[in-house]
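Structure first, then comments.
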Amino acid sequence: MNTIANNIKLRLSLREPLQEALDIVAQLSGDLSLRKVPDNEEEALAFIKNELDKVKNSFTTCTSFQRDFPSVAFSIATGVGKTRLMGACVAYLYLQKGIKNFFILAPNLTIYDKLIEDFGNPAYHKYVFNGISEFVHNRPVIITGDNYNQQGNLFKEGEIRINIFNISKFNSDNKGQKKDGVSLAPKIKRLSEYLGQSYWEYLSGIQDLVILMDEAHRYHADASKNAINELKPILGLELTATPFDEKQKPFQNVVYEYSLAQALAEGKYVKNPAIATRKNFKRGDLSEKEIEIIKLEDAISVHQDTKTELELYSKNNGVKLVKPFILVVCKDINHAREVYDLINSSDFYEGEYKGKVLQIDSSTKKEEEIEKQFLSLESSDNEIEIVIHVNMLKEGWDVTNLYTIVPLRAANAAILIEQTIGRGLRLPFDGKRTGVDSIDKLTVIAHDNFEAVLAAAKDPNSVLNKMSFIEIPEENLGTKTEVVTSKPVFELKLETEQIAVNKIENKENQQKAQNTLDAKIAIINSLPDFNTLPEVRRVEDLNKEEVKRKVIRQIEKKLNEGQGNLFAADIVKEAEETYEKIVASYKENIIEIPRMDLVLGEVTATFNHFDLDTTNFNYQALEQEIIRMGLMDKSIETIKAKSSGSYGNPVKMIIAELIDYPEIDYDDNADLLYHLATQAYNAIKENIDKEENILQALFQFKSAIADKIYLQMKANFSLSTPDYVAPRVYPFTKIEQWNFSALVNAGYKDYREIVTPTIMVPKYVFRGFEKACHFEYKFDSKTEQDLAFVLENDNKVLKWLRPANNQFRIYWDNNSKRYEPDFIIETEDTIYMVEPKSSANINDADVLAKKEAAIKYCKYATEFTSQNKGKQWKYLLVPHTEISRTINFDLLIAKFS
C-alpha cells in the first residue's frame with residue numbers, strides 16, 4: 001500500500017480511473033531508474049531496452065517508448081480529468097521521489113493558458129494542487145513560454161519548478177526573423193544574459209526533469225518528437241483521449257486506458273450522448289436551407305426543455321444554476337454568417353434569440369467582445385445561448401454547459417459527430433451525473449443523416465456505438481415551458497394578504513396592517529427554527545411560554561439587525577399579541593412530518609470463526625549458513641550460522657504477518673487470529689523433532705504460513721446486509737415548496753378534469769385543491785391524478801400533501817438514492833405515506849427497497865409521535881389497478897395497510 005499515493009487520491013478527490021492511473025505512475029517510478037539516458041549511443045540503447053523491459057513486465061501493451069527516453073502514455077476519455085491527473089503526478093513525484101523539475105507541454109494557446117491557470121492560480125476553482133498541504137508554503141514556481149527569459153538565477157534550493165510551454169515556442173517564436181540571411185533559432189534556444197546559456201540548454205541539463213504531455217497525440221510527428229527528445233528528460237508521461245499519431249497509427253507506449261466507450265458503458269463522468277431526429281421525418285423535396293431551419297427549430301425545442309429541467313434541478317436541489325447553450329456546426333465562414341443572420345433576426349422564434357447568438361471562427365475570434373463572450377460561456381451572466389462555429393473548437397475547450405449540437409451540411413456526419421461530441425461531454429455538477437436523464441444527456445440533432453449515423457454506430461470501434469438514439473415526437477416540438485413554483489398554502493395566503501395591504505389608501509391604516517402582516521410573517525418564518533428545542537415535541541408545544549419568549553426574542557433580534565426596521569417595536573408588540581393565533585393557523589395548514597435523516601448503516605465485513613485445515617503445514621527449519629569469500633584468492637567457504645533464538649512469541653509472529661493484509665483488522669478479529677495462529681503453530685510443532693528448530697521454521701516460513709491462513713480466512717468471509725440506523729427525530733418541519741415545469745400556454749387544468757389521452761397528464765399543472773398543502777401540483781400519471789381526486793372528496797381525509805423532492809431525507813440503495821414519497825395523507829388518528837405503483841412493477845427490487853425504507857421511516861415516526869401525543873404513521877403500497885375515482889380512501893387502508 002503506497003501511503004503517499006493514497007493520501008494524494010484522498011486530498012485531490014481523484015476519480016477511480018485517475019486513481020488507477022496514479023497507482024501505475026507510483027509503480028513505474030519505483031521500477032524505473034529515473035535518471036538521464038547516457039550520452040553514449042550504445043549505452044543509451046542498452047539503457048532504454050532495460051527500462052522498457054521493466055515496463056513490459058507489468059504492462060504488455062507498452063512495446064516501445066517511441067522516444068529517446070522512457071515515456072508512457074495514459075489514454076483517458078475527455079471529461080474524466082486528465083489535468084487533475086497531471087497535478088497528482090507532479091505531487092507524487094515530488095513527495096515520494098523528491099523530483100522538483102517538471103515540464104508541461106500544451107498543444108495550443110487555449111490549453112496553454114488553461115494550464116497556467118490550473119497549475120499557477122491557487123484562487124482558481126480548478127487549481128490542481130488544492131488539498132496538497134506541502135505546496136501551501138512551498139508553492140510551485142510557474143515558468144511559462146512568456147516569462148522564461150526573465151528567470152535568471154532566481155531559483156532556490158528546494159523549490160518546485162513547473163515549466164508550461166506551448167509546443168510552438170520550440171520552433172516558431174522567432175516570427176521568421178533572420179540575421180545575415182540565416183533564420184534565427186527560437187528564442188528559447190538563444191543565449192540568455194541571465195543564465196549564461198540558452199534556457200533550452202538549461203532545461204536539458206537538469207538531472208530530474210519530468211515532462212508531461214497534454215493531448216499527447218499532437219507530439220508524435222517527427223519535428224515535435226525531435227524537439228522533445230532534445231530536452232533529455234528522465235521520464236515522460238503522456239495523456240490523451242485519442243492515442244493515435246498523425247498517421248492514425250496507435251501509440252505503442254500505452255500503459256493505461258479508460259476510454260469514452262468505457263465511461264459511457266459505466267454511466268460515469270460524462271454526459272450520455274444521444275442522436276435525435278424528428279419522428280416521421282421525411283426529407284422529400286425539402287431544400288438544404290429548409291432542412292437546416294427544421295433542425296435549428298427542433299434544437300431550440302430540445303434546448304428550452306433542457307433549460308427548464310436545469311432550472312428545476314437548481315431550485316429543487318439548492319445547487320448552482322447552469323445555463324445551457326447550443327453549438328451549431330457550419331461548413332464555412334459564409335455559411336456561418338448566413339445561419340447567424342437567420343438566428344439573430346426577428347423571423348426566427350419572433351426574435352427571441354436576438355443578441356443571444358455568437359459566431360466564432362477565424363473571421364471573428366480576434367474581436368475582443370466576441371472572445372470575451374466565448375470564454376465566459378459558462379457564466380450565468382453570459383446571455384449567449386447559441387454558438388455558431390466552423391471547425392474552431394479544438395482540444396482544451398472544456399465547457400460543461402453544452403447540451404445540444406446541430407451539425408449542418410456535414411460531408412460525413414458520423415465523423416463530424418464523433419469529433420464534436422467530445423466538446424460537450426463534460427458534466428456541470430462536480431463532474432457527476434444527476435440521475436435526471438434530460439440533464440445528463442448531450443443531444444445531437446441529425447435529421448437528414450440519422451440513418452447514416454445509425455449505420456456508422458454499428459461499428460463496434462466507433463464512439464457512436466455507445467450513443468442512444470431518440471425520436472422527438474412532433475407534439476413535443478415548439479411547445480415552450482416555464483418553471484413554476486408552487487408555494488405552501490400558508491405562504492400563498494400571506495402573499496394574498498400583502499396584496500390587500502398594498503391596496504389600502506390611508507397610509508396610517510396601511511402601516512398598521514403592514515405591521516400586523518410583518519409580525520405574522522416573522523413568526524411563521526421563525527417557527528421551524530425551534531423544532532430542535534427539548535421542550536418542543538409537537539406544534540402545540542410552540543405555545544409554551546418559554547418557547548414563545550425565545551421566538552419573540554429572535555424576531556426582535558432580526559428586526560434590529562443592520563439598519564434595523566423603523567417599526568420594529570410595533571411589529572414585536574403585534575407578534576406578542578397574535579402569537580397563539582398564528583401558531584394555530586400554522587398547525588392548521590401543515591401536516592406534522594417528523595424530521596429525520598434515515599440512512600443505512602455501513603456494510604460490515606466479517607471473518608466467520610472456523611478451524612484451520614493444517615494438512616500442508618509440514619514446514620522444517622532450513623540450515624542457516626554464512627558464505628565467506630577471500631578477497632585475494634577468491635576461495636569460498638561456508639560457516640554454519642547459529643541463531644540467538646530471540647524470535648519472540650511464535651503466535652504473535654504469525655499474527656503480525658496476517659494483519660499486513662488490508663482486509664484484516666486486528667481489533668475486529670483478534671480472537672479469530674489468535675485461534676488460527678495457535679492452530680498453525682501447534683501443527684508445525686508436531687512435525688519438528690527438535691524444540692530449537694520450531695521458532696526457526698516459523699520465522700523462515702512466516703509469510704507462507706500467513707498466506708495459507710489468509711486464503712482460508714477469505715473462504716470464511718461474509719458481508720452483512722446493513723440495516724437502517726436509528727435516527728435523531730425532530731417533531732415537525734416546514735412544508736417545502738414545489739418547483740416544476742408548465743406549458744406557457746394552456747398548461748393548467750382543474751384537478752377534476754379528465755385528460756385525454758392519459759399520456760398527457762404529466763404535461764399539465766393541476767389546480768383547485770382545498771385540502772392539499774399546496775394549491776397546485778403535477779402528476780406523473782392518471783393514477784396519481786385520480787388518487788388526488790379521491791383525497792379531495794373523501795370526508796375521512798383531513799389534509800394531504802404531495803411532498804416536494806427535498807421534503808424527506810430517506811435514503812436507500814446503500815445511501816446512494818433518496819426516496820421521495822408520492823403522497824402524505826392525514827386522517828383523524830393516522831398519517832399515511834402512500835405510494836401508487838404500476839401493478840406490473842409492484843415486486844421490483846427497487847420498489848421493495850423503497851418500501852423497506854418507507855416502513856422504517858413510519859416506524860421511527862410512530863415511536864416518536866406515540867410518546868408525544870401525536871398520530872401514528874403507516875405506509876401503503878397500492879397497485880394502480882386498485883385506484884379509481886369511485887373508491888374511498890378507507891378501502892385502500894383496509895386492503896393495503
Salt bridge (charged side-chain N to carboxylate O under 4.0 Å, His left out) between Lys817 and Asp846, intermediate numbers included: CA-CA 11 Å; Lys817 297 172 184 172; Asp846 61 334; over 6 Å; no
Contact check, side chains of Lys307 and Glu385, non-hydrogen atoms, under 4.5 Å: yes
4.5 Å side-chain heavy-atom contact, Asp529 and Gln554: yes
Contact summary for Val270 and Leu427, nearest pair of heavy atoms: N-CD1, 3.5 Å
CA sep, side-chain torsions, deciding dist, call: Val302, Thr306, side chain to side chain contact (heavy atoms under 4.5 Å, CB included): CA-CA 6 Å; Val302 172; Thr306 304; 4.1 Å; yes
Backbone N/O of Lys271 and side chain of Lys441: donor-acceptor pair under 3.5 Å: no
Value rounded to 0.5 Å, distance of CG in Leu798 from CD1 in Ile591: 9.0 Å
Side-chain donor or acceptor of Lys320 paired with backbone N/O of Pro428 under 3.5 Å: yes
Short side-chain to backbone donor-acceptor contact, Asp786 and Ile883, under 3.5 Å: no
Any Ile326 side-chain heavy atom under 4.5 Å of Val387 side chain: no
Heavy-atom pair with the smallest gap, counting every atom of Val797 and Lys771: O-NZ, 3.0 Å
Interatomic spacing from OG in Ser486 to CG in Leu492 - rounded to 0.5 Å: 7.0 Å
Centroid separation Tyr832 to Tyr875 less than 6.0 Å: no
Min side-chain heavy-atom separation Val725-Leu600 under 4.5 Å: no
Tyr269 six-ring centre to Lys432 NZ/CZ under 6.0 Å and within 45° of normal: no
Ring centre gap for Phe775 and Phe769 strictly below 6.0 Å: no
Donor-acceptor side-chain pairing of Lys734 and Asn531 below 3.5 angstrom: no
Criterion side-chain hydrogen bond (donor to acceptor under 3.5 Å, both in side chains) on Glu378 and Thr400, from CA distance to verdict: CA-CA 7 Å; Glu378 287 183 294; Thr400 60; 2.6 Å; yes
Main-chain N/O of Phe864 paired to Asn868 side chain as donor or acceptor, under 3.5 Å: yes
Heavy-atom pair of closest approach, residues Val729 and Pro594: CG1-CB, 3.8 Å
Heavy-atom neighbours of Arg809 CZ exceed 12 at 6.0 Å: no
Arg802 charged N/C atom sitting above Phe823 aromatic ring, 6.0 Å / 45°: yes
Taking every non-hydrogen atom, the tightest pair across Ala854 and Met833: CB-SD, 3.7 Å
Check: Thr830 side chain, Thr827 main-chain N or O, donor-acceptor pair, under 3.5 Å: no
Flag side-chain contact, heavy atom, 4.5 Å: Thr733 against Pro528: no
Step-by-step salt bridge (charged side-chain N to carboxylate O under 4.0 Å, His left out) determination, Lys356 to Glu383: CA-CA 6 Å; Lys356 297 180 181 179; Glu383 294 187 352; over 6 Å; no
Donor + acceptor pair across side chains of Gln872, Thr865 (<3.5 Å): no
Residues Glu592, Lys587; criterion salt bridge (charged side-chain N to carboxylate O under 4.0 Å, His left out); working and verdict: CA-CA 8 Å; Glu592 291 190 51; Lys587 176 178 172 57; 2.8 Å; yes
Candidate pair Lys859 and Glu863, rule salt bridge (charged side-chain N to carboxylate O under 4.0 Å, His left out), full reasoning: CA-CA 6 Å; Lys859 170 184 178 291; Glu863 286 176 0; 2.8 Å; yes
Polar side-chain atom of Asp541 near backbone of Arg537 as donor-acceptor pair, under 3.5 Å: yes
Qualifying residue for side-chain hydrogen bond (donor to acceptor under 3.5 Å, both in side chains) with Lys487, from Glu776, Gln737, Glu736, Glu495: Glu495
Test item: Thr862 side-chain N/O and Trp873 main-chain N/O as donor-acceptor pair under 3.5 Å: yes
Aromatic ring pairing Trp738/Phe740, orientation class (parallel under 30°, perpendicular over 60°, tilted between): tilted
Lys799 atom NZ: more than 12 heavy-atom contacts under 6.0 Å: yes
Ring geometry between Tyr777 and Trp800 (parallel below 30°, tilted from 30 to 60°, perpendicular above 60°): tilted
Geometric cation-pi criterion Lys796 and Phe889, 6.0 Å radius, 45° cone: no
Donor-acceptor contact below 3.5 Å, side chain Asp440 vs main chain Asn272: no
Sidechain-backbone polar pair: Ser376 side chain, Asn382 backbone, donor-acceptor under 3.5 Å: no
Electrostatic pair Arg752:Glu792 at N-O distance under 4.0 angstrom: no
Residues in salt bridge (charged side-chain N to carboxylate O under 4.0 Å, His left out) contact with Lys315, at least two apart in sequence or another chain: none
Salt bridge Lys850-Glu835, side-chain N to carboxylate O under 4.0 Å: no
Student check: side-chain heavy atoms of Ile824 and Phe808 closer than 4.5 Å: yes
Within 6.0 angstrom of Glu561 CD, more than 12 heavy atoms from elsewhere: yes
Distance in Å, Lys837 NZ paired with Glu882 CD, rounded so as to fall on 0.5 Å steps: 16.0 Å
Ring center gap for Tyr403 and Phe325 short of 6.0 angstrom: no
Residue pair Thr783 / Pro836: nearest heavy atoms and the distance that separates them: CG2-CB, 4.0 Å
4.5 Å side-chain heavy-atom contact, Glu491 and Pro488: yes
Ring-ring centroid check Phe490 Tyr586, cutoff 6.0 Å: yes
For the student: nearest non-hydrogen atoms of Ile386 and Ile343, plus distance: CD1-CG2, 3.6 Å
Ile759 atom CD1, over 12 foreign heavy atoms within 6.0 Å: no
Crowding at CZ, Arg885 (>12 non-hydrogen neighbours, <6.0 Å): yes
Side chain to side chain contact (heavy atoms under 4.5 Å, CB included) against Asn316, all qualifying residues, sequence neighbours excluded: Leu312, Asn739, Asn805
Distance flag, aromatic centroids of Phe429 and Tyr313, threshold under 6.0 Å: yes
Lys323 atom NZ, neighbour heavy-atom count above 12 within 6.0 Å: yes
Beyond-backbone contact of Asn806 with Asn317, side-chain heavy atoms, under 4.5 angstrom: no
Check: Lys778 side chain, Pro762 main-chain N or O, donor-acceptor pair, under 3.5 Å: yes
